[in-house]
Structures are given as C-alpha cells and as structure tokens.
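Given the structure is predicted, the values throughout are model-derived calculations rather than measurements.
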Amino acid sequence: MKIVMLGAPGAGKGTQAKMIASKYQVPHISTGDIFRANIKNGTELGKKAKEYMDQGLLVPDELTVDLVIDRLSQDDCKKGYILDGFPRTIPQAEALDAALAKRGEKMDFAIDVDVPDENIISRMSGRRACTGCGATYHIVYNPSKKGDVCEVCGETLILRDDDKPETVQKRLAVYHDQTQPLIDYYTGQSILKTVDGTQDMNDVFAAITEILEA
Ligand code: ADP
Ligand code: AMP
C-alpha cells in the first residue's frame, strides 16, 4: 500500500497519515517532520531548510528529493508507506515516479484532503506540535488531555513559527501555485481520490479507509 497525501497546509494530512500508518502498520514519512528533526539536531540540512521554512517557502527540490528516495529504500518500506508533505512540486512527483519505475513499482493512491482556504487559518493557529515526538494537537478540535504537554512523551507543545497567520498566508499561496497542480498530475494517473477534510477527523478517516478497502 503506497499512498501520497495531498492537501493544503493544515488540511489534516499528518493527522490522517498517522491514523492510516497505525491501522495498516506502514511507515508514515513526513518531510516536514524530517526537516524539523534536522533543525532540532542542528544539522547542515536543518540550517538550510530552516531559511525556507521560516519564510513559508518550499525547501528546494535538490535538498528534498534524494532524502525521500533514500528513505523509501529502507527495509520498513517494503510493504508500503504513506508520504505526507511529499511530493509538493511536479518535479518532485516526477522524480518519485522515476525512482518507483526503476524498481518496477508505482504509487497506489493519492488522497486529497480537501479543506477550503477560509478554514485553514483557524486550523493552523490552533495547531500545537510536540517538540519531542512531533505529535500534533489542536486546542479546540483535538486538545492534549495534559494541557500544554504531550500526551505521548510529556514534552512541551508549541505553536510552530510557520503556523503564525502571516506565514500561513504565504504557505497557502505557495500551495496553490506549486502543489495544487499535483491534483491534475495524479488525476491523469487515475489514482486521485478526494475526501472532504472539513468533517470531523474520525469521519475523514472513515472515508479514507473506505477508499483503501474498496
Ligand atoms: P497537515 O499535516 O495537513 O499540515 P495537520 O494534520 O497537522 O495538517 O492538521 C492541522 C491542524 O488541524 C492540527 O491542529 C489538527 O489537530 C487539526 N485537524 C486535523 N484534522 C482535523 C479535522 N478533520 N477537523 C478539525 N481539526 C483537524
Ligand atoms: P509540513 O510539516 O508538511 O507542513 O512542512 C513544513 C515546511 O517544510 C513546508 O512549509 C516547507 O517549507 C518544508 N517542506 C516539507 N516538505 C517539503 C517538500 N516536499 N518540498 C519542499 N519543502 C517541504
């Protein structure tokens, strides 16, 4: 089961990807999480990625593509994976398809979690991210039972710098310009499935499992 999650920043890709990963026991691969781990560890990649992320821009394809392709060659990806936040540009999608084709494989599903722009700002300003394990909460829709700390690992929850409204506006513009064309790209491959991401997160998940098990 190889799945690409599509959708605007804050649409709920990560939330759903974690639920799918847990139900079907496949790895959840989030490029945003990989970049944030690199920033936290002070790596060269983290330093470079941060310059772009702080401005709401995409990290260049040259820093992103090989990272993901290498990750997909690891043993735990043999029975499939969920890509969350990758691809985000047409060249990334083409590089991914080329790497899969070399192995005689192809993507099975591209799931677009559809949420209109007007809902995105409140999703993002209410998102709280764990500085330890990357778990995600929302102050209204999915609060941590432990308040300001993570239910999973006990670390502090923060508002991500790039979730502040001014950066979110930029990220949305970048999404429409560079990432939304992937909807046509995967429609062309007949693997695009769209779910209504404005529903409760359990209802979104039910719609996704119906698609995966059809
Ligand atoms: P993405 O990975 O697409 O950027 P997230 O999964 O992190 O988005 O979700 C963004 C925010 O919205 C988080 O705070 C999350 O808890 C919340 N959220 C996710 N799905 C829903 C939903 N269906 N309804 C309400 N809030 C949601
Ligand atoms: P996310 O956690 O998916 O919201 O990603 C946070 C930020 O990381 C994005 O706004 C980008 O700056 C960067 N990023 C994540 N994935 C990619 C990607 N596939 N290509 C380019 N930049 C990315």
Side-chain angles (χ1 to χ4, degrees), residues 1-34 64-65 68-69 71-120 122-124 127 134-138 141-142 152 172 175-176 178-214:
M1 176 186 283
K2 292 190 278 301
I3 305 171
V4 166
M5 301 300 294
L6 296 176
K13 301 179 295 296
T15 301
Q16 296 301 324
K18 287 184 182 98
M19 293 164 91
I20 300 167
S22 160
K23 180 170 166 98
Y24 298 100
Q25 293 294 298
V26 285
H28 164 212
I29 300 171
S30 155
T31 38
D33 284 351
I34 294 171
T64 308
V65 170
V68 177
I69 306 293
R71 175 68 187 87
L72 299 185
S73 65
Q74 290 177 14
D75 272 357
D76 65 334
C77 290
K78 285 208 171 96
K79 58 186 175 133
Y81 42 79
I82 302 146
L83 289 176
D84 162 19
F86 182 94
R88 255 183 163 102
T89 63
I90 295 282
Q92 289 182 11
E94 290 172 343
L96 172 63
D97 279 347
L100 289 174
K102 264 194 201 163
R103 301 177 201 165
E105 297 176 0
K106 61 175 198 50
M107 197 51 62
D108 297 313
F109 298 97
I111 298 181
D112 178 33
V113 183
D114 186 29
V115 174
D117 286 8
E118 50 273 26
N119 299 22
I120 293 291
S122 71
R123 285 272 180 104
M124 307 286 260
R127 171 156 66 184
T136 305
Y137 301 87
H138 190 283
Y141 306 120
N142 183 26
V152 183
L172 269 177
Y175 166 75
H176 289 301
Q178 300 195 57
T179 307
Q180 207 171 15
L182 293 175
I183 291 178
D184 284 344
Y185 181 89
Y186 287 113
T187 301
Q189 294 188 1
S190 307
I191 60 167
L192 186 88
K193 305 284 177 188
T194 303
V195 293
D196 174 2
T198 63
Q199 307 170 86
D200 175 272
M201 49 188 84
N202 292 314
D203 294 334
V204 180
F205 186 56
I208 292 175
T209 52
E210 199 172 309
I211 289 165
L212 300 179
E213 292 174 14

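Between the side chain of Thr187 and the main chain of Ile183, a donor-acceptor pair closer than 3.5 Å is present.
With sequence neighbours excluded, the residues that form a salt bridge (Lys or Arg N to Asp or Glu O under 4.0 Å) with Asp76 are Arg71. Taking the salt bridge (Lys or Arg N to Asp or Glu O under 4.0 Å) definition, one finds that Lys102 meets it with nothing, sequence neighbours left out. Taking the ring pair (Phe, Tyr, Trp, His ring centres under 6.0 Å) definition, one finds that Tyr24 meets it with nothing, sequence neighbours left out.
The side-chain heavy atoms of Lys2 and Val26, taken from C-beta on, include no pair separated by under 4.5 Å. For the pair Met201 and Gln16, the minimum side-chain heavy-atom distance is below 4.5 Å. Counting heavy atoms from C-beta outward, Leu72 and Arg103 have side chains that approach closer than 4.5 Å. Residues Thr64 and Phe86 form a side-chain contact, since some pair of their non-hydrogen atoms from C-beta on lies under 4.5 Å apart. Residues Leu83 and Met107 form a side-chain contact, since some pair of their non-hydrogen atoms from C-beta on lies under 4.5 Å apart. At least one side-chain heavy atom of Ile20 sits under 4.5 Å from a side-chain heavy atom of Phe205. In this structure, the side chains of Ile208 and Met19 stay at 4.5 Å or more apart for every pair of heavy atoms. His138 has its side chain out of reach of Thr15: every pair of non-hydrogen atoms, C-beta onward, lies at least 4.5 Å apart.
Residues Thr198 and Pro116 share a closest heavy-atom pair of CG2-CD, 3.6 Å.
Side-chain atoms of His28 and Asp33 include no donor-acceptor pair closer than 3.5 Å.
Heavy-atom contacts from other residues, nucleotides or ligands closer than 6.0 Å to CD of Glu105 number more than 12. No more than 12 heavy atoms of other residues, nucleotides or ligands sit less than 6.0 Å from atom NZ of Lys193.
Of the inter-residue distances, the one linking Thr194 atom OG1 with Tyr186 atom OH reads 14.0 Å to the nearest 0.5 angstrom.
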